[in-house]
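Everything below concerns the one structure shown next.
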Amino acid sequence: MNFKKTIQTKGFWKSVAGMGISFILVYHIITMLFTFGGFDFSGYFELNLSEERWMRFVLGSLFSGFLYGFIITFGQFSIKQKKEEREY
C-alpha cells in the first residue's frame with residue numbers, strides 16, 4: 001500500500017469531503033437529540049454559536065469531520081487498491 005498513491009487517486013478528496021460533511025451532520029443531529037430531547041435547531045445553534053463557544057464548535061466540527069472522512073475514505077480506497085493489485 002502506497003500512501004501517496006492512495007491520496008492521489010481520482011475522487012479521493014471528494015469522497016473525504018462528502019464523508020466528513022455527512023459525519024458532521026449526523027453527529028450534530030444526534031448531539032442535539034441527546035441535549036434537547038428533540039429537534040430544536042435554533043436552541044442548539046444558539047447554544048453552540050454563542051460568543052464563547054463558536055470557534056470551538058466550528059473548528060471542532062471541521063477537524064472531526066475531516067479526520068473521520070480521511071480515515072474512512074483512506075481505508076476504502078486502500079482496500080480497493082489492494083484488491084485491484086491482487087487481480088493483476
So which heavy atom on Asn2 is nearest to which on Gln81, and how close? O-OE1, 4.5 Å
Counting neighbours of CH2 on Trp54 that are heavy atoms of other residues, nucleotides or ligands and sit closer than 6.0 Å, is the number greater than 12? no
Nearest-0.5 Å distance, CZ of residue Phe41 to CD of residue Glu46: 15.0 Å
Which distance, rounded to the nearest 0.5 Å, do you find between the CE of Met32 and the CD1 of Ile30? 10.5 Å
As an exercise, state the distance from CZ of Phe77 to OG of Ser15, rounded to the nearest 0.5 Å. 5.0 Å
How close do Phe70 and Val16 get, heavy atom to heavy atom, and via which atoms? N-CG1, 3.8 Å
Indicate if Leu49 and Leu59 have the same hydrophobic cluster label, given that clusters are the connected sets of ILVMFWY residues with side-chain heavy-atom separations under 4.5 angstrom. yes
Ion pair present between Glu85 and Lys80, side-chain N to carboxylate O less than 4.0 angstrom? no
Once the angle between the rings of Phe36 and Tyr44 is folded into 0 to 90°, is it parallel (under 30°), tilted (30 to 60°) or perpendicular (over 60°)? perpendicular
Taking Tyr68 as the starting point, is it possible to reach Tyr27 by hopping between hydrophobic residues whose side chains are less than 4.5 Å apart? yes
Just how far is it from atom CG of Leu62 to atom CD1 of Ile24, taken to the nearest 0.5 Å? 5.5 Å
Cluster overlap Phe63 with Met55, hydrophobic side-chain contacts below 4.5 Å: no
Side-chain donor/acceptor of Ser78 to backbone N/O of Phe74, under 3.5 Å: yes
Which pair of non-hydrogen atoms, one from Ser64 and one from Phe23, has the smallest distance, and what is that distance? OG-CE2, 3.7 Å
Find the distance between OG1 (Thr6) and CZ (Phe12) and round it off to the nearest 0.5 Å. 7.5 Å
Report the distance from atom CG of Asn48 to atom OG1 of Thr31, rounding to the nearest 0.5 Å. 8.5 Å
Apply the ring pair (Phe, Tyr, Trp, His ring centres under 6.0 Å) test between His28 and each candidate in Phe45, Phe57, Phe34; give the one that qualifies. Phe57
